[in-house]
A.B. asks: 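After the structure tokens below, expect a handful of questions from me.
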Amino acid sequence: MNDQTAASPLPTESPLRTLLTGAQMLFVAFGALVLVPLLTGLDPNVALFTAGIGTLIFHGVTRVSVPVFLASSFAFIAPIQSSVANYGIPATLGGLMVAGLVYVVISQFVRLKGTAWLHRLLPPVVVGPVIMVIGLALAPVAVNMATGETSEAIGYGTAIFLSMASLLVTLVLAVFGRGLIRLIPIMGGILTGYALATLMGVVDFTPVHEAAWLALPSFTAPSFHWAAILFMIPVAIAPAVEHIGDMVAIGSVTRKNYLEKPGLHRTLLGDGLATAAAAIFGGPPNTTYSEVTGAVTLTRAFNPWIMVTTACIAIVLAFVGKLGALLQTIPGPVMGGIMTLLFGSIAVVGMNTLVRAGKPLTAPRNLVVVSLVLVFGIGGMQFGNGQFTLQGVSLAALVGIVLNWVLPRAEEE
């Protein structure tokens, strides 16, 4: 495999347009990016910092060739919560750091063996529904945010008004917008929803008043304990599979094969080093972000340098206390309304992967694989309990891989 990967050219757009588009990508990722550390006991400002650092590391490894932003995956929420309860935050961070190094080992295996085996291991009949699971499995999260289930101070009526208003503005700008306006549908939706929420008196500005202008994030150093390490390593299965799906998904959008160039070994290496770096500072593990894939699909912002801009903005925000606090006051329903569209667009990318493959989905073999991947992944099927539990994207992907391996292939294949 040829490792020569030329860096993408610098954006030809104006600096203002690049800055606005990069800020929009951070807005897209911000809700989930902050939600993960808040639910797991980690510091949101540290998560912003490590997401920026991790994204820069990823783009350094891949020579700025893939339009992705790295942040924490929802797949990590439950395992981190359990590990923090049993072993504490420092030991959990040590386990996450080792999980990142496992990524590095996998990436080198891919580098040595190539990617030909990958196409047979993960054909469209497996990858397509897995990408759909990545989007649709998150649908309840978006709906709960949109209907106010995650907001204690906002009732259903107010929440549904704010979420649908934000969604409507996003749709109008994405479909009918022209020029620069078409590049900021998500930002427009968020600003509209935030303005309405402020007028309705449901935005609490107390955190902004109490925050300092400049504040050092609460960095936490990892410690290493075998129990925590053995607990966290299996968790790497889910984001690794999600990463492959994201690479295929973003490649479907940009019409490029990122598994070949810069190569899956480089993208996995970037993910692994980014996750290890995040754990060193006390942040949640990094992985390619499904929400950003949806944003790229909508805005057609394919230049990877936009994501580098997003990373730099994230790092700056990590040290600006008041601005970070202001972003955290964005009501959940506003983000939820927009996420309903983003998560759905990810599922459509997976559907498109199946359609482009041209295989008959009603053929018994394909029907079995696709059906079980979708139901296991979206329905919440779980194998095992305690420390070694498989569910969600990781279980769906493994089921698809195993079925694709053991079921006899049709003669035309």
Side-chain angles (χ1 to χ4, degrees), residues 20-39 44-45 47-48 51 71 74 138-177 181-213 215 289 291-292 294-295 298-299 310 313-314 316-318 320-345:
L20 288 176
T21 309
Q24 175 179 253
M25 294 301 174
L26 184 60
F27 270 122
V28 172
F30 188 83
L33 192 163
V34 174
L35 180 63
V36 173
L38 288 178
L39 292 178
N45 275 31
L48 271 172
F74 282 121
L138 295 173
V141 175
V143 171
N144 286 339
M145 292 179 68
T147 56
E149 293 292 329
T150 60
S151 304
E152 296 180 0
I154 302 178
Y156 170 80
T158 301
I160 203 69
F161 172 76
L162 290 175
S163 60
M164 292 302 103
S166 303
L167 176 59
L168 179 61
V169 171
T170 303
L171 290 173
V172 170
L173 294 181
V175 176
F176 299 105
I181 297 300
R182 190 170 189 174
L183 292 177
I184 55 170
I186 297 164
M187 184 181 294
I190 291 176
L191 291 177
T192 300
Y194 192 77
L196 291 173
T198 302
L199 292 175
M200 298 173 71
V202 295
V203 178
D204 182 12
F205 290 103
T206 302
V208 181
H209 296 310
E210 295 178 349
W213 279 105
Y289 227 30
E291 288 87 336
V292 175
L298 280 178
T299 63
T310 304
I313 295 173
V316 171
L317 290 182
V320 181
K322 282 193 179 295
L323 190 54
L326 179 65
L327 288 171
Q328 293 184 53
T329 63
I330 299 174
V334 174
M335 298 299 299
I338 295 168
M339 285 183 176
T340 57
L341 177 61
L342 296 181
F343 295 161
S345 68

A.B. asks: Between CD1 of Ile330 and CG of Leu162, what distance do you get to the nearest 0.5 Å?
C.D. replies: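 It comes to 12.5 Å.
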A.B. asks: Identify the two heavy atoms, one from Ile313 and one from Gly22, that lie closest to each other, and give their separation to 0.1 Å.
C.D. replies: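 So the minimum-distance heavy-atom pair works out to CD1-C, 4.1 Å.
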A.B. asks: If every non-hydrogen atom of Ala47 is compared with every non-hydrogen atom of Pro37, which pair is closest and at what distance?
C.D. replies: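 Minimum heavy-atom separation between Ala47 and Pro37: CB-CG, 3.7 Å.
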A.B. asks: Grab the two heavy atoms, one from Ala318 and one from Leu48, that are nearest each other, plus how far apart they are.
C.D. replies: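 Ala318 and Leu48 have their closest heavy atoms at CB-CB, 4.1 Å.
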A.B. asks: A side-chain contact here means heavy atoms from C-beta on lying under 4.5 Å apart; do Thr192 and Leu168 qualify?
C.D. replies: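 They are not in side-chain contact.
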A.B. asks: Given the rule in the side chain to side chain donor-acceptor pair (under 3.5 Å) test, do Thr329 and Tyr194 qualify, once you have shown the distances and angles that lead to the verdict?
C.D. replies: CA-CA 9 Å; Thr329 63; Tyr194 192 77; 2.8 Å; yes
A.B. asks: Identify the heavy atoms of Ala165 and Leu196 that sit nearest to each other, and give their distance.
C.D. replies: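 Here Ala165 and Leu196 meet closest at CB-CD1, 3.7 Å.
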A.B. asks: Are Gln24 and Pro185 packed together at the side-chain level, in the sense that at least one heavy-atom pair is separated by less than 4.5 angstrom?
C.D. replies: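 Touching, per the 4.5 Å side-chain cut-off.
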A.B. asks: Give a yes or no answer on whether the side chain of Lys322 reaches the backbone of Val208 with a donor-acceptor pair at less than 3.5 Å.
C.D. replies: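 Indeed, once roles are kept as given, a pair shorter than 3.5 Å links the two residues.
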A.B. asks: Looking only at non-hydrogen atoms, find the nearest pair between Leu341 and Leu167 and report the distance.
C.D. replies: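 Residues Leu341 and Leu167, closest heavy atoms: CB-CD1, 3.8 Å.
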A.B. asks: I want to check something: taking the side chain as every heavy atom from C-beta on, are Ser151 and Pro333 in contact at a cut-off of under 4.5 Å?
C.D. replies: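 Side chain of Ser151 against side chain of Pro333, heavy atoms only: contact under 4.5 Å found.
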A.B. asks: So how far is it from Thr21 OG1 to Leu26 CG, rounded to the nearest 0.5 Å?
C.D. replies: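 That separation rounds to 13.0 Å.
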A.B. asks: Mind checking whether Val141 and Met339 have side chains closer than 4.5 Å, heavy atoms only?
C.D. replies: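 Side chain of Val141 against side chain of Met339, heavy atoms only: no contact under 4.5 Å found.
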A.B. asks: If you look at every heavy atom in Ala139 and Phe343, which pair is closest and at what distance?
C.D. replies: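 Here Ala139 and Phe343 meet closest at N-CD1, 4.3 Å.
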A.B. asks: Could you grab the distance from atom CG of Asp204 to atom NE2 of His209, nearest 0.5 Å is fine?
C.D. replies: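 If I round to the nearest 0.5 Å, the distance is 8.5 Å.
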A.B. asks: More than 12 heavy atoms of other residues, nucleotides or ligands under 6.0 Å from CZ of Phe205: is that the case?
C.D. replies: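 Counting other residues, nucleotides and ligands, CZ of Phe205 exceeds 12 neighbours.
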A.B. asks: In Å, rounded to the nearest 0.5 Å, how long is the span from OG1 of Thr170 to CD1 of Ile190?
C.D. replies: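 Here the interatomic distance stands at 7.5 Å.
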A.B. asks: With side chains defined as the heavy atoms from C-beta onward, is the minimum distance between Ser163 and Thr147 less than 4.5 Å?
C.D. replies: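 Not touching, per the 4.5 Å side-chain cut-off.
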